[in-house]
**Student:** 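Structure in structure tokens, see below.
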There are 2 protein chains.
Amino acid sequence: MLEQGAGSGPGAPVAAVRGSIRDRVESAVREALLTGRFVPGRAVTLRGLASELGVSPMPVREAVRSLSAGHALEVRPNGRIQVPTMTEARLAEILKARLLLEPELAEMAASYPADLDADALAALDDRVDESLIGGDAETYMRFNHAFHFHIYRASRSEVLLPLVENLWLQFAPFMRTVYGRVGTAALDDHHKEAVQAVRDGDAEALRSAVAADIRCGMELLDR
Amino acid sequence: MLEQGAGSGPGAPVAAVRGSIRDRVESAVREALLTGRFVPGRAVTLRGLASELGVSPMPVREAVRSLSAGHALEVRPNGRIQVPTMTEARLAEILKARLLLEPELAEMAASYPADLDADALAALDDRVDESLIGGDAETYMRFNHAFHFHIYRASRSEVLLPLVENLWLQFAPFMRTVYGRVGTAALDDHHKEAVQAVRDGDAEALRSAVAADIRCGMELLDR
DNA sequence: ACAGCGAAATTGTGATCACATAGCCTGTGC
DNA sequence: GCACAGGCTATGTGATCACAATTTCGCTGT
């Protein structure tokens, strides 16, 4: 379920992955949350994750603790851990926060056209469209995330960006269940406008495109 | 240094030592950061904290991991942990984020006048003024934090509030060093206007007062 | 067949140990 | 006097063990 790349055999440090085992675990869980492989309400156990990833429970404890600090995972009163369930109030707040922060990041990013790299962005959008047609929700979520954060990362933000990353971790699992119900075909994003804004170097247009894209995803939920 | 017993002054609720040792450790460190007892650049070691608090390094590891996830503590490339140092860019972003989120929380809070409790809020502001005159930066920071979050908590926010808490953890240690240099006497907040707005039940006025208060603290830094 | 109870398994928490590495300090040679 | 090398210490990381609380499952009695 969570295997990532090369075999996790002992003695094979897997040069590609960086640093500590804890970081690998955290990356794996983040990826699972962002692509919707972890469904809301799903129980997450330390030993379970540990054995899935072939590591001891120790690094899992720290990774899970780190994620639950940002409400990407939920620690229930009895101590058990699970993927948070969504409520109407929480979703409304997440969308409010997104509309406040993400357009701001987009506007900041417009100051660094080289980092924005319109061609790379357009290529990502193509992959988004492909997966939309294919109806593969997991792939769609991966590339949609990549598209957005390709823009946001260009802002070179140290503060807003981590906040937004947390927000995505919080609503991604829920979105996956929505796509499971209504499918992905009905989605129409505003990525094209964003790409054009990047090509034009129009910061305000980029901000608007991002805001429109977020609102668009929101409307999907009224059904 | 980190004791959180009866010695702590009023206004320092410190979450009444619930449950796990890890939570106690995390609360203690949060409190130390928010009141400026942890100065930027200060080294934080697991064993050091553990012995200070009289616990084993294990719960400290998780508490520190949790805090570093929100950039309240910084894990350096070599693995060492320290209170983050402030940069101009980071500070600018934090203030931008505060101006985006905190007025929003204030406006949301206006929907719950009972929770806002104008009298309690005014009492907190009195304590803020007292400590401003006394020049006790640590007490001032404690009550200023209590004042703001008394308002914010009334919003019953589940998403924005944790984000703002993280922001405060990030800039509080730096503010302490500023107060150490310029003193607290020169501070003029907009708390009175906020209290009045609460009494009037004027959401827009409350939002403006909070925004003005944040901008005010920002101007202090240009010197 | 079903409700109630008790044993067993699961799970998070905390402690202790082992280890590799990065700092730091001291001692030595120039 | 100063630069450098050596060992020594401090520190984070990961593993394993013990334990209490909770859940879960199976058994029993009616």
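Order of the sequence lines fixes the chain letters, A, B, ..., with proteins taken first and strands second; residue numbering starts at 1 for each chain.
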**Student:** Sequence neighbours excluded, which residues qualify as salt bridge (charged side-chain N to carboxylate O under 4.0 Å, His left out) partners of Asp189(A)?
**Tutor:** none
**Student:** Run the side-chain contact (heavy atoms from CB on, under 4.5 Å) test on His145(A) and Glu31(A) for me, step by step, so that the C-alpha distance in whole Å, both residues' side-chain angles and the decisive distance to 0.1 Å come before the verdict.
**Tutor:** CA-CA 10 Å; His145(A) 174 270; Glu31(A) 176 80 8; over 6 Å; no
**Student:** Show me the pairs that pass side-chain hydrogen bond (donor to acceptor under 3.5 Å, both in side chains) and involve residues 159-169 of chain A, at least two apart or across chains.
**Tutor:** Glu102(A)-Trp168(A)
**Student:** Give the table of side-chain donor-acceptor pairs shorter than 3.5 Å for residues 82-92 of chain A, with sequence neighbours excluded, one pair per line with atom names and distance.
**Tutor:**
unit_1	atom_1	unit_2	atom_2	d
Gln82(A)	NE2	Glu74(A)	OE1	3.4
Thr87(A)	OG1	Arg90(A)	N	3.1
Arg90(A)	NH1	Gln170(A)	OE1	3.0

**Student:** Tabulate protein N/O versus nucleotide N/O from nucleotides 20-23 of chain D, keeping only pairs under 3.5 Å, one per line.
**Tutor:**
unit_1	atom_1	unit_2	atom_2	d
dT23(D)	OP1	Asn78(A)	ND2	3.2

**Student:** On DNA chain D, nearest-nucleotide positions of Pro59(A) versus Val44(B): which is more 5'?
**Tutor:** Val44(B)
**Student:** With no hydrogens and no angle check, is any side-chain donor or acceptor of Ser51(A) less than 3.5 Å from a backbone partner on Gly48(A)?
**Tutor:** yes
**Student:** Distance check needed: dT13(D) P versus Asp23(A) CG, whole Å only.
**Tutor:** 8 Å
**Student:** Identify, with sequence neighbours excluded, every residue that meets salt bridge (charged side-chain N to carboxylate O under 4.0 Å, His left out) alongside Arg80(B).
**Tutor:** none
**Student:** Who passes salt bridge (charged side-chain N to carboxylate O under 4.0 Å, His left out) against Asp119(B), sequence neighbours left out?
**Tutor:** Arg199(B)
**Student:** Looking at residues at least two apart in the chain, or sitting in another chain, which of them share a side chain to side chain donor-acceptor pair (under 3.5 Å) with Ser131(B)?
**Tutor:** none
**Student:** Could you check whether Tyr152(B) and Phe149(B) have their ring centres less than 6.0 Å apart?
**Tutor:** yes
**Student:** For the side chain of Ser68(B) and the backbone of Val64(B), is there at least one donor-acceptor N/O pair under 3.5 Å apart?
**Tutor:** yes
**Student:** Counting only non-hydrogen atoms, which of residues 62-77 of chain B are less than 4.0 Å from DNA chain C?
**Tutor:** none
**Student:** How long is the line joining CZ of Arg24(A) and C1' of dG14(D), in whole Å?
**Tutor:** 12 Å
**Student:** Kindly write out the residues that satisfy salt bridge (charged side-chain N to carboxylate O under 4.0 Å, His left out) with Glu138(A), not counting sequence neighbours, or none if the list is empty.
**Tutor:** Arg37(A), Arg142(A)
**Student:** For the helix from dA1(C)-dT30(D) to dC30(C)-dG1(D), figure out the bend between the end axes, five pairs an end, and round to 10 degrees.
**Tutor:** 10°
**Student:** Counting only N and O atoms by type, is there a donor-acceptor contact under 3.5 Å from the side chain of Glu93(B) to the main-chain atoms of Glu158(A)?
**Tutor:** yes
**Student:** Would you tabulate the nitrogen or oxygen pairs shorter than 3.5 Å linking the protein to nucleotides 16-18 of chain C?
**Tutor:**
none

**Student:** Without decimals, in angstroms, what is the distance between Ile81(B) CD1 and dA10(D) P?
**Tutor:** 17 Å
**Student:** Rounded to whole Å, how long is the line connecting atom CD of Gln82(A) with atom P of dT11(C)?
**Tutor:** 14 Å
**Student:** Tell me every residue that passes side chain to side chain donor-acceptor pair (under 3.5 Å) with Arg176(A), counting only those two or more places apart in sequence or in another chain.
**Tutor:** none
**Student:** Please report, rounded to the nearest Å, how far the C1' atom of dG14(D) is from the CG atom of Leu53(A).
**Tutor:** 15 Å
